[in-house]
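In this text, all values refer to a predicted model and were calculated from it rather than measured experimentally. Residue numbers run from 1 in the order of the sequence given.
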Amino acid sequence: MREETRKRLDRTLLIEKLKKVGIGLAIIAGIGLAFGYENLDMKVENVEVAGTITGIDPLVSKQNSADGETVHVKLDSGQLVNVLALKSRQLHTGDHIQVTEHRHATGRVTHSLK
C-alpha cells in the first residue's frame, strides 16, 4: 500500500471515529440538559401571600370531585389565581385567605391554599 493511500485511509478512519464520539457526546449533553432542567423545576421558593375569594366553582375532576371545589382568589397584588380546596373548609366568597405561591427556578409559578 502506498504511503499516500495509507495516510488518507487513516485520516478517513479517524474522522469516522471522531464523528461517532461527537454524536455520543451530543447525546450525553442532551440527557444532562434534560436532567438539569428537571432539577431546576424541583427547586421551589414558597412565599405566603394574602388574597380575597372572588368566587367558588365545583371541582371538575375524574376522581373525588364531590369532595373539592375550585376557589377563585384575587391576590392583594391584583393577580387572579385559582386554587383547589376541600369543601370541608367551608370557604365563602369575600373571605380573606392565605395562599402559598410556589416559585420554581424555571420561572413557573403555582399557587396552593394554605
* Go through Thr52 and Val73 one step at a time and tell me if the side chain to side chain contact (heavy atoms under 4.5 Å, CB included) criterion holds. => CA-CA 5 Å; Thr52 305; Val73 180; 6.0 Å; no
* To do: Apply side chain to side chain contact (heavy atoms under 4.5 Å, CB included) to the pair Leu84 and Val71, showing each step before the final yes or no.
  => CA-CA 6 Å; Leu84 302 178; Val71 180; over 6 Å; no
* To do: May I have the step-by-step check of side chain to side chain contact (heavy atoms under 4.5 Å, CB included) for Glu38 and Thr106, ending in yes or no?
  => CA-CA 9 Å; Glu38 288 294 321; Thr106 57; over 6 Å; no
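Here CD1 of Ile53 is found 14.5 Å from NZ of Lys74. Values are rounded to the nearest 0.5 Å. Rounded to the nearest 0.5 Å, atoms CG (Leu9) and CD (Glu4) are 13.5 Å apart. Taking OG1 of Thr54 as the start and CG of Asn82 as the end, the distance is 8.0 Å to the nearest 0.5 Å. One distance of note links NE2 of His92 with CD1 of Ile97; it measures 12.5 Å at 0.5 Å rounding. A distance of 10.5 Å separates CG of Asn46 from NZ of Lys114, quoted to the nearest 0.5 Å.
Of the residues listed (Ile28, Ile27, Leu33), the one engaging Ile31 in a side chain to side chain contact (heavy atoms under 4.5 Å, CB included) is Ile27, and it is the only one.
Of all heavy-atom pairs spanning Leu86 and Glu69, the tightest one is O-OE2, 3.9 Å. Taking each heavy atom of Ala50 and His96 in turn, the nearest pair found is CB-NE2, 3.6 Å. Ala85 and Leu91 make their closest contact through CB-CD1, 3.8 Å (heavy atoms, listed as atom of the first residue, atom of the second, distance).
For Gln98, the CD atom counts as densely surrounded, since its 6.0 Å shell holds more than 12 non-hydrogen atoms of other residues, nucleotides or ligands.
Applying the salt bridge (Lys or Arg N to Asp or Glu O under 4.0 Å) test to Glu16 and every residue at least two apart in sequence or in another chain returns Lys19. With sequence neighbours excluded, the residues that form a salt bridge (Lys or Arg N to Asp or Glu O under 4.0 Å) with Arg103 are Glu101. For Asp10, the salt bridge (Lys or Arg N to Asp or Glu O under 4.0 Å) partners two or more places apart in sequence, or in a different chain, are Arg6. Residues meeting the salt bridge (Lys or Arg N to Asp or Glu O under 4.0 Å) test with Arg108, sequence neighbours left out: Asp41. By the side chain to side chain donor-acceptor pair (under 3.5 Å) test, Thr100 is found to be paired with Glu48, residues two or more places apart in sequence or in another chain being considered.
Linking ILVMFWY side-chain heavy atoms closer than 4.5 Å, directly or via other members, places Leu59 and Leu113 in two distinct hydrophobic clusters. Placement of Val60 and Val83 in two distinct hydrophobic clusters is found when ILVMFWY residues are connected by side-chain heavy-atom separations under 4.5 Å, directly or transitively.
Put simply, the side chain of His104 never gets that close to the backbone of Leu40: no donor and acceptor are under 3.5 Å apart.
In the hydrophobic clustering, where aliphatic and aromatic side chains (Ile, Leu, Val, Met, Phe, Trp, Tyr) are joined below 4.5 Å either directly or transitively, Leu80 stands alone.
Annotation: side chain of Val47 is not in contact with side chain of His102 (no heavy-atom distance under 4.5 Å).
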